[in-house]
Amino acid sequence: MRLSQYLAPTLREEPAEAEIPSHRLMLRAGLMRKVAAGIYTFLPLGTRVIQKVEQIVREEMNRAGALEVRLPIVQPAELWQETGRWEEYGPEMFRLSDRHGRLFALGPTHEEIVTDLVRNTVSSYRQLPVTLYQIQNKYRDEVRPRFGVMRAREFVMKDAYSFDRDEEGMHRSYRAMYEAYERVFRRCGLEFRVVEADSGAIGGSYTHEFMALAESGEAEVVWCPRCGYAADVEKAECAPPAPSAEAMRPLERVATPGVRTIQALVDFLPIDVEHTAKILFYAASYGGGREELVAAVVRGDRMLNEVKLKNALGALQVRMADQEEVSRATGAPFGSAGPVGLKGARLLLDREVAAGRNWAVGANEEDWHLRNANPGRDFPSGPIHDLRLVGAGDPCPRCGAAMESRAGIEVGQVFELGTKYSEALGATYYDEEGRSRPILMGCYGIGVTRTVAAVIEQRHDEAGIVWPVSVAPFEVVVVPVHYADPAQREVADRLYRELGEAGVEVVLDDRDERSGVKFNDADLVGYPYRVTVGPKALARGEVELTRRATRQTESLPVERLVAALRERLAADRAVLSVE
RNA sequence: CGGGAUGUGGCCCAGUUUGGCAGGGCGCCGCGUUCGGGACGCGGAGGUCGCGAGUUCGAAUCUCGCCAUCCCGACCA
């Protein structure tokens with residue numbers, strides 16, 4: 001491809017609307033343009049990168065035995081009503097109606113459609129197992145689209161669904177996808193961790209997330225450097241606290257005028273923060289409009305994990321209760337609540353509070369606190385749950401070593417669904433004895449456009465993107481310093497032609513621009529290699545080969561360039577290889 | 001949905017406080033000079049100042065309403 005005939009509009013200045021590196025660079029390097037919040041047009045360069053990732057995904061899916069299909073984006077409401085998700089999915093689903101007033105959704109995911117397909121086409125155990133996948137746009141009307149394609153409303157996703165006769169088969173299918181995902185992300189050059197995750201609303205039992213480590217990530221990964229335990233912070237546990245050896249001291253009521261926060265309490269008494277406990281009030285909803293006020297007690301310096309709270313309660317949703325709700329139900333002034341004598345809310349203790357002694361807590365009375373409150377003596381000793389958010393430094397639940405934590409981008413997730421959808425939609429098969437059985441399902445997603453963003457987050461510098469060869473839009477750019485010069489033109493044209501013939505993905509920057517413009521664009525777009533054809537080296541019959549990642553340049557004879565470049569590319573591919 | 005900010009040519013921004021000719025840089029078109037890290041000169045095109053009302057002799061600027069975009073939070077298969 002000749003850049004003079006290509007559409008790669010790079011921007012000299014930082015787009016005002018973009019914050020994180022991948023978003024800024026995708027706009028600046030001419031990969032995409034915004035059309036509306038969370039909705040983008042992909043230009044030729046961006047399209048090529050997406051296709052590269054798609055192709056890697058496709059190869060690994062096919063290798064794992066999955067079959068590619070194309071399911072509709074426009075999906076009838078009836079199917080979603082059958083599983084109850086027409087209501088459940090809420091405002092995140094784009095909905096529309098046709099000219100007859102029939103309701104449809106733009107697919108945010110495809111469990112309903114694919115299960116409908118399978119219930120109508122699969123009836124015998126002989127047809128199982130089967131795994132179907134597609135690579136296609138998905139639509140989710142996110143509350144807050146942000147960071148470019150990181151959280152978009154229209155995005156490219158690979159989604160796969162496995163169908164098995166029994167649990168064992170489901171585990172096998174799951175394992176196959178899990179391994180395929182590891183290969184995909186390794187080939188894309190991502191630094192990632194596979195973590196245990198909360199199954200959330202999708203209702204499965206077993207699930208892992210694939211997290212690309214990056215500061216801009218919206219998720220947090222906690223892992224143990226010793227034994228390898230790794231989990232999404234929403235799910236992460238830590239080793240249970242040892243029961244306190246302290247003797248219970250007598251309960252003491254202390255005047256604490258104006259003290260409303262844990263920090264103020266620590267400073268005022270004074271007391272160490274490890275002996276303070278706080279109450280967090282939540283409104284838990286269980287469906288059918290049933291709501292309940294919940295009081296969760298955790299150590300003063302801990303954060304509550306809302307996902308754990310939700311799971312402990314078996315609630316559909318929890319939200320922090322507001323001041324007014326709390327004082328109405330408990331009669332306790334906000335900021336002075338404590339577990340001793342608390343009324344009007346369901347009390348839950350974090351393990352750490354249950355195991356501890358002599359807590360400083362609110363007295364349920366303005367300007368008063370209690371010291372040496374003890375579970376079992378002064379307030380109920382249960383129910384006990386693991387409610388706290390764990391983080392860096394907490395002991396590993398498996399081996400006790402101090403864990404580490406980093407932000408991550410969720411680029412993929414694998415789920416075992418069991419029979420949730422097959423039962424709702426009546427997807428069954430007949431076994432060898434002619435008995436009808438529900439099909440066991442799994443579902444597996446990769447955010448393709450998000451993966452592109454994750455690669456950029458991990459691989460960029462102040463000048464631009466630093467693509468790994470596997471997903472770069474082109475592998476090499478040939479830059480004649482001054483294309484109008486006949487000698488340079490002749491060599492540049494020849495190298496461009498020979499590289500193309502050798503199967504290298506190459507662009508020729510034949511634009512009538514100054515060399516500085518072309519060099520800067522080459523760095524911005526991030527082609528892994530640049531071949532510079534300039535008068536200095538050319539006088540010796542040489543050209544320069546520069547590696548984008550290191551900026552290292554070597555000069556070599558024109559006739560050796562093609563072979564040398566093929567060698568370098570082969571070596572780079574070997575690094576990303578999964579063989 | 002709560003909080004904050006911003007909307008002026010394709011891009012980045014000034015002008016709004018104190019109402020008075022719609023500006024600069026980049027990019028774009030033409031000519032010339034230049035040519036190893038975002039050149040220079042000359043000439044040129046391009047704007048309902050987010051939209052709608054209102055105040056005023058006069059509104060990018062003041063008032064009211066709406067919309068869009070971005071950030072933080074809540075939310076998130």
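Everything numeric here is computed off the predicted structure, so don't read it as measured data. So you know, we letter chains A, B, ... as the sequences are listed, proteins then strands, and number each from 1.
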Do A:R193's NZ or CZ and the ring of A:F210 fall within the cation-pi criteria of under 6.0 Å and 45°?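 Ring-cation test returns no.
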Here the distance between atom P of B:U69 and atom CG of A:L27, to the nearest Å, is 15 Å
To the nearest angstrom, the CD-C1' distance between A:E410 and B:C75 comes to 15 Å
Write down the partner of B:C70 under the Watson-Crick or G-U wobble criteria, each distance required to be under 3.5 Å.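 Its partner is B:G4.
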A:P15 meets the side-chain contact (heavy atoms from CB on, under 4.5 Å) criterion, sequence neighbours left out, with A:L11, A:L27, A:R28
Practice prompt. For A:E13, check side-chain contact (heavy atoms from CB on, under 4.5 Å) against everything at least two apart and list the hits.
Written response: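 Expected list: none.
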When you match A:P15 and A:A37 each to their closest nucleotide on RNA chain B, which lands nearer the 5' end?
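Result: A:P15.
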Whether each nucleotide of nucleotides 31-40 of chain B has a protein heavy atom under 4.0 Å at its base (B), only at its sugar-phosphate (S) or at neither (-) is summarised, 5' to 3', as ---BBBBBB-
Please report the C-alpha distance between A:Y206 and A:F415 in whole Å, then the side-chain angles of each, then the deciding distance to 0.1 Å, and finally whether the ring pair (Phe, Tyr, Trp, His ring centres under 6.0 Å) criterion is met.
-> CA-CA 6 Å; A:Y206 191 58; A:F415 272 105; over 10 Å; no
Hits for side-chain hydrogen bond (donor to acceptor under 3.5 Å, both in side chains) against A:R151, two or more places apart or cross-chain, chain-then-number order -> A:E142, A:E218
Hey, does A:E218 reach any base, or is it just sugar-phosphate, or nothing, if we go heavy atoms under 4.0 Å?
nothing
Query raised in the report: Looking at RNA chain B, which of residues 145-153 of chain A put a heavy atom within less than 4.0 Å of it?
Result: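 A:R146, A:F147, A:R151, in order of number.
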Side chain to side chain contact (heavy atoms under 4.5 Å, CB included) assessment of A:K536 paired with A:L538: CA-CA 5 Å; A:K536 287 185 287 193; A:L538 210 51; over 6 Å; no
What donor-acceptor contacts under 3.5 angstrom involve side-chain atoms of residues 68-80 of chain A, with partners at least two apart or in another chain?
from: A:E68; atom 1: OE1; to: A:R58; atom 2: NE; distance (Å): 2.9
from: A:E68; atom 1: OE1; to: A:Y133; atom 2: OH; distance (Å): 3.3
from: A:E68; atom 1: OE2; to: A:R58; atom 2: NE; distance (Å): 3.3
from: A:E68; atom 1: OE2; to: A:R58; atom 2: NH2; distance (Å): 3.1
from: A:Q75; atom 1: OE1; to: A:W80; atom 2: NE1; distance (Å): 2.9
from: A:Q75; atom 1: NE2; to: A:P72; atom 2: O; distance (Å): 3.3
from: A:Q75; atom 1: NE2; to: A:H110; atom 2: NE2; distance (Å): 3.0

*asked:* Using a strict threshold of under 4.0 Å (side-chain N to carboxylate O), is an ion pair present between A:D350 and A:K308?
replied: no
